[in-house]
2 protein chains.
Amino acid sequence: MSDFYRKTLKEKGLKVTPQRVAIFEAITHLKNHPTAENIIAYIKKNHPNISVGTVYKVLDSFVENKLLSKVKTEKDIMRYDSVLTNHHHLYCTETDRIEDYEDEQLNELIENYFKTHKIKNFNIQEVKLQISGKFNN
Amino acid sequence: MSDFYRKTLKEKGLKVTPQRVAIFEAITHLKNHPTAENIIAYIKKNHPNISVGTVYKVLDSFVENKLLSKVKTEKDIMRYDSVLTNHHHLYCTETDRIEDYEDEQLNELIENYFKTHKIKNFNIQEVKLQISGKFNN
DNA sequence: TCCTCAAAGATAATAATTATTATTTAGGAA
DNA sequence: TTCCTAAATAATAATTATTATCTTTGAGGA
Ligand SMILES: [Mn+2]
Ligand SMILES: [Mn+2]
Ligand SMILES: [Zn+2]
Ligand SMILES: [Zn+2]
């Protein structure tokens with residue numbers, strides 16, 4: 001169960017603490033690209049004394065160590081993403097829902113496009129789509 | 001000069017105030033997708049008594065009225081975009097620079113792709129690319 | 001088992017943004 | 001042109017998300 005988290009933390013050279021394991025578990029469990037607040041609320045059930053500062057610090061270090069990424073939004077609040085494969089996002093214009101969109105064919109299309117259409121003075125590392133619209137239910 | 005701003009505001013049914021004209025002028029003048037702070041600093045030169053709250057409120061109403069859009073970033077700070085045509089963004093992974101990237105051919109490619117690859121339960125309104133990488137100088 | 005230093009907890013501070021409220025003013029009506 | 005009024009602004013306080021500080025704790029190696 002939590003052995004996966006412990007193992008991954010160790011591989012990254014991060015000390016294995018109950019807080020880190022709990023946060024790691026929370027972000028893989030929570031869907032919809034949770035906020036720090038979402039994560040704290042979830043963890044508090046089993047770990048009521050966890051400190052807010054700890055959660056922010058751990059999230060930061062997870063981002064640095066590429067266990068997590070940040071999701072860009074136009075709200076004044078950060079959201080986190082545990083899916084690390086190259087994927088895109090569906091943003092609902094009505095709610096705050098953000099869903100993952102994986103599409104290997106699209107990735108190839110874009111990759112090929114930029115192979116033949118270099119951007120001057122710019123070296124591309126990653127291309128992500130933010131697809132805005134509405135979910136039908 | 002400022003007649004364009006006055007005219008545009010009037011068209012949108014917004015009262016024409018010196019503050020709104022100044023903010024409108026600032027955002028079209030400032031490059032690199034300015035923050036509210038950037039805008040305030042710029043305006044203060046000619047308009048030293050403008051209030052921070054006013055700037056935020058005006059920016060909000062400009063976004064609502066589609067005179068501006070917000071730019072997604074992974075920092076805890078909002079940035080604004082006066083370019084309203086459908087365009088994409090180059091994010092520098094080293095600095096906070098965000099440049100516009102316009103590419104009609106790419107837009108068509110993507111549009112056509114999604115015509116034949118509908119996303120289930122989702123109605124696309126807009127697709128934007130966030131292209132991360134490094135500027136060569 | 002013991003030590004040590006990195007991590008966690010508690011708390012205060014900061015930064016960005018929003019809310020409140022008194023004052024001013026744009027712009028339509030008289 | 002003057003007057004009126006709703007809407008906008010300025011000043012200020014409050015809120016929210018995040019970060020910093022500092023003391024205590026405990027993970028993990030010796
Ligand atoms: Mn903030
Ligand atoms: Mn904030
Ligand atoms: Zn995602
Ligand atoms: Zn732009």
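Sequence lines set the chain letters: A, B, ... in the order given, protein chains first and strands last, and positions in each chain run from 1. Please read these numbers as outputs of a predicted model, since none were measured by experiment.
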I need the [atom1]-[atom2] distance between [X] and [N], as an integer number of Å.
X	N	atom1	atom2	answer
A/K44	C/dA8	NZ	P	15 Å
A/I77	C/dA15	CD1	C1'	15 Å
B/R20	D/dA7	CZ	P	11 Å
A/I50	C/dT11	CD1	P	16 Å
B/N49	C/dT25	CG	P	11 Å
B/N38	C/dA16	CG	P	10 Å
A/I40	D/dA17	CD1	C1'	10 Å
B/M78	C/dA15	CE	P	18 Å

Exercise for the section: Give the angle between the helix axes at the two ends of the helix from C/dT1-D/dA30 to C/dA30-D/dT1, taking five base pairs at each end and rounding to 10°. Expected result: 30°

Handout entry: Along DNA chain C (nearest heavy atom to each residue), the more 5'-positioned of B/A36 and A/Q19
Key =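 It is A/Q19, whose closest nucleotide lies nearer the 5' terminus.
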
Compile the donor-acceptor pairs under 3.5 Å between side chains in residues 81-94 of chain B and protein atoms, sequence neighbours left out, one pair per line.
from, atom 1, to, atom 2, distance (Å)
B/D81, OD1, B/V83, N, 2.9
B/D81, OD2, B/H33, NE2, 3.4
B/D81, OD2, B/H87, NE2, 3.0
B/D81, OD2, B/H89, NE2, 2.9
B/S82, OG, B/I27, O, 3.2
B/T85, OG1, B/E102, OE1, 3.4
B/H87, ND1, B/T85, O, 2.7
B/H87, NE2, B/H89, NE2, 3.1
B/H87, NE2, B/D100, OD1, 2.8
B/H88, ND1, B/L129, N, 2.8
B/H88, NE2, B/N107, OD1, 2.7
B/H89, NE2, B/H33, NE2, 3.2
B/H89, NE2, B/D100, OD1, 3.2
B/Y91, OH, B/K72, O, 2.4
B/T93, OG1, A/Q125, OE1, 3.4
B/T93, OG1, B/G133, O, 3.3

Taking only distance into account, with no hydrogens and no angle test, what donor-acceptor pairs under 3.5 Å do side-chain atoms of residues 51-66 of chain A form with protein atoms, sequence neighbours excluded?
from, atom 1, to, atom 2, distance (Å)
A/S61, OG, A/V58, O, 3.3
A/N65, ND2, A/S61, O, 2.7

Handout entry: Distance-only donor-acceptor check, side chains B/T28 and B/Y5, under 3.5 Å
Key = yes

Handout entry: Check: A/N32/A/R79 side-chain N/O donor and acceptor closer than 3.5 Å
Key = yes

Practice task
Take the angle between the ring planes of A/Y101 and B/F114 and call it parallel below 30°, perpendicular above 60°, tilted in between.
Solution key: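 Answer is tilted, since the angle falls between 30° and 60°.
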
Handout entry: Shared hydrophobic cluster, A/I39 / A/L67 (ILVMFWY, side-chain heavy atoms < 4.5 Å)
Key =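 In one cluster with A/I39: A/L67, yes.
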
Completion exercise
Once base and sugar-phosphate atoms are separated, protein heavy atoms under 4.0 Å mark nucleotides 19-30 of chain D, 5' to 3', with B, S and - as B-------SS--

Practice task
Give a yes or no on whether the backbone of A/E25 and the side-chain of A/H29 come within a donor-acceptor separation of less than 3.5 Å.
Solution key: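 Such a contact is absent between A/H29 side chain and A/E25 backbone.
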
Handout entry: A/S51 (side chain) and C/dA8 (base): donor-acceptor pair under 3.5 Å
Key =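 Checked by distance alone, the answer is no.
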
Handout entry: Non-neighbouring partners of B/K7 that pass salt bridge (Lys or Arg N to Asp or Glu O under 4.0 Å), sequence neighbours left out
Key =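 B/K7 satisfies salt bridge (Lys or Arg N to Asp or Glu O under 4.0 Å) with B/E11 only.
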
Exercise for the section: List in chain and number order the residues that pass salt bridge (Lys or Arg N to Asp or Glu O under 4.0 Å) with B/K44, two or more places apart in sequence or in another chain; answer none if no residue qualifies. Expected result: none

Handout entry: Below 4.0 Å: OP1/OP2 of C/dG9 and any side-chain N or O of A/T54
Key =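 Yes.
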
